[in-house]
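Starting from 1, each residue takes its place in the sequence as its number.
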Amino acid sequence: MRFHYLIFFLFSVSVFSQIKMNNLFSDNMVLQRNSNVNIWGKSNPNQKVTVYSSWNNKSVKTNSNNNGEWILKIETNDYNGPHKLTISTNNDLLEINNILLGEVWFASGQSNMEMTLNGYLNEPIFGSQDLIANANNSQIRLLTIERNYSSVPLDNFNGIWKESNPESVRYFSAVAYSFAKYITESLDIPVGIIVTAWGGTPAEAWSKKSFLDEAFEPGIIINNSIEKFEEYNPGYLFNAMLKPLIPFTVRGGIWYQGENNRERAKHYSKLMQVMVDSWRSEWGQGDFPFYFVQIAPFSYNNPNESSSAELRDAQLDAVKNIKNSGMVSTVDIGDLYSIHPPEKIKVGNRLAYWALNKTYGFNSITPSGPIVKSAKKDGSSVVIN
């Protein structure tokens with residue numbers, strides 16, 4: 001009988017735990033190394049909350065407010081791990097295990113960022129089999145944010161951290177995984193990569209709406225889908241798939257998007273600048289690195305199609321005006337007959353070149369090909385500088 005009571009007691013503690021954490025804070029997570037990282041959660045109102053970190057054997061304390069919300073900062077070092085966090089109140093305790101200290105990046109955009117190593121129907125990823133087969137690497141941690149939209153900011157999401165292995169990697173973003181793999185192998189440190197992407201979605205949905213309203217005249221930034229998909233509404237994906245990550249301490253972000261906005265290319269450069277400004281303002285980490293992919297040429301069933309070229313030109317303009325940014329060109333690795341080019345691993349590697357050069361100081365790595373400075377017509381030719 002005592003045995004049955006013990007089981008019930010343990011079950012009750014688990015089910016009725018008063019400490020609630022954002023899903024970012026769970027087993028297998030990565031925290032940004034050599035930083036003061038934000039840790040937050042909920043408990044009973046007006047309680048003392050203690051967070052103990054095993055990597056420095058220190059405890060930090062704070063008090064929850066009238067709503068039970070609390071936030072504090074914890075100093076991290078470069079002792080990779082694994083480590084644990086213990087969050088406790090007067091009558092409750094929560095342990096988070098198998099934590100690594102390393103580099104944390106988030107990856108966002110539409111289908112070319114969302115596309116997994118498994119590929120799409122009749123659209124494979126070149127080289128994916130080798131990456132999947134050799135994916136056992138506990139130093140790489142993966143988190144995919146499930147698709148969601150909201151008219152108001154949310155404070156949590158669905159998704160869990162996973163260690164890199166053939167099963168978890170197969171259905172993870174090919175670009176994001178390739179980026180993380182290149183970074184961890186180059187720096188010999190753990191990397192946590194968070195993917196928050198949704199195929200077919202516009203950049204305005206990923207931006208904070210108040211920034212859009214302030215930057216653009218009414219009627220310019222609207223839901224452009226004929227079907228009026230909810231996820232196309234300005235700010236709706238920011239609210240549901242980015243806001244819940246804030247203020248999780250990150251190193252920077254990578255971005256692969258643009259096809260949805262090609263018919264509105266004339267606004268795209270400014271839109272990207274406003275989007276990144278909204279992210280950086282909300283995160284409160286200054287001008288963190290932002291590296292993105294220029295969309296590849298594609299026929300769009302029209303041999304005279306030029307909107308994608310106009311969008312690429314807008315992206316080139318944006319990279320010149322966004323601080324601490326870099327752009328990956330894909331004009332040489334696209335596919336005129338597939339809007340999802342198969343060279344995703346090369347794209348991830350090229351994003352990593354930018355991070356290694358500009359963020360981590362690898363001056364020997366060239367992050368970009370030549371950029372057009374000017375063009376002058378000379379008879380039937382054009383001279384490009």
Side-chain angles (χ1 to χ4, degrees), residues 30-37 76-80 100-109 113 127 131 134 137 139-141 164 173-195 249-257 269 272-273 276-277 279-280 283 285-296 312-313 315-334 343-374 384-385:
V30 179
L31 290 173
Q32 179 61 43
R33 63 178 182 147
N34 298 328
S35 184
N36 287 301
V37 301
T76 59
N77 50 41
D78 56 5
Y79 302 156
N80 293 355
L100 298 182
L101 304 183
E103 295 296 290
V104 180
W105 290 81
F106 70 94
S108 190
M113 180 62 83
L131 250 62
N134 295 283
N137 187 344
Q139 297 298 291
I140 301 176
R141 305 294 173 84
S164 171
S173 163
V175 169
Y177 178 75
S178 303
F179 172 84
K181 181 176 184 292
Y182 208 100
I183 295 296
T184 195
E185 290 177 352
S186 300
L187 301 180
D188 193 27
I189 57 170
V191 170
I193 186 76
I194 304 167
V195 172
T249 306
V250 298
R251 175 64 72 189
I254 57 176
W255 172 256
Y256 193 170
Q257 190 274 344
S269 176
M272 281 192 70
Q273 295 171 57
V276 175
D277 282 348
W279 294 359
R280 288 171 171 171
W283 246 287
Q285 289 187 213
D287 296 327
F288 60 66
F290 172 74
Y291 305 127
F292 66 93
V293 183
Q294 190 181 41
I295 64 171
R312 282 190 294 277
D313 195 52
Q315 291 176 310
L316 179 59
D317 184 70
V319 76
K320 296 174 182 177
N321 293 293
I322 298 174
K323 294 180 180 178
N324 200 15
S325 67
M327 184 185 74
V328 166
S329 175
T330 58
V331 293
D332 61 320
I333 53 175
E343 295 285 12
K344 291 291 184 291
I345 295 170
K346 288 184 178 179
V347 172
N349 291 349
R350 290 181 182 186
L351 285 164
Y353 299 158
W354 271 107
L356 290 171
N357 176 275
K358 200 164 185 176
T359 302
Y360 300 112
F362 281 54
N363 296 325
S364 58
I365 292 180
T366 302
S368 173
I371 304 294
V372 174
K373 184 177 181 181
S374 64
I384 298 175
N385 178 22

- Query: Quick one: which of L351, I345, I193, V347 gives a side chain to side chain contact (heavy atoms under 4.5 Å, CB included) with S178?
  - Reply: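 Single pass found, and it is I345.
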Main chain of [Y], side chain of [X]: is a donor-acceptor contact present, judged purely on distance under 3.5 Å?
X	Y	value
S325	F290	no
T76	N34	yes
D78	R33	no
Q315	I295	yes
R251	Q32	no
D287	N324	no
S108	W255	no
T184	A180	no

4.5 Å side-chain heavy-atom contact, [X] and [Y]:
X	Y	answer
L101	N77	yes
V104	I194	yes
V319	Q294	no
L316	R312	no
W354	I254	no
I140	Y177	yes

How far apart are the closest heavy atoms of [X] and [Y], and which atoms are they?
X	Y	answer
V30	G192	CG2-CA, 3.7 Å
M272	A318	SD-CB, 4.0 Å
A352	Y182	CB-CB, 3.7 Å

- Message: If you apply the rule side chain to side chain donor-acceptor pair (under 3.5 Å), what do you find for Y291 with T359, and how did you get there?
- Response: CA-CA 10 Å; Y291 305 127; T359 302; 2.7 Å; yes
As an exercise, state the distance from [atom1] of [X] to [atom2] of [Y], rounded to the nearest 0.5 Å.
X	Y	atom1	atom2	answer
K320	Q273	NZ	CD	12.0 Å
I322	S269	CD1	OG	7.0 Å
K344	M113	NZ	CE	10.0 Å
N137	K181	CG	NZ	8.5 Å

- Message: For D188, I'd like to know if atom CG has over 12 heavy atoms of other residues, nucleotides or ligands within 6.0 Å.
- Response: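 Atom CG in D188 is not crowded, with 12 or fewer foreign heavy atoms closer than 6.0 Å.
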Side-chain donor-acceptor pairs of residues 362-374 under 3.5 Å, sequence neighbours excluded:
none

- Item | Qualifying residues under side chain to side chain donor-acceptor pair (under 3.5 Å), relative to Y360, sequence neighbours excluded |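 Once residues adjacent in sequence are excluded, the partners of Y360 under the side chain to side chain donor-acceptor pair (under 3.5 Å) criterion are E103, W105.
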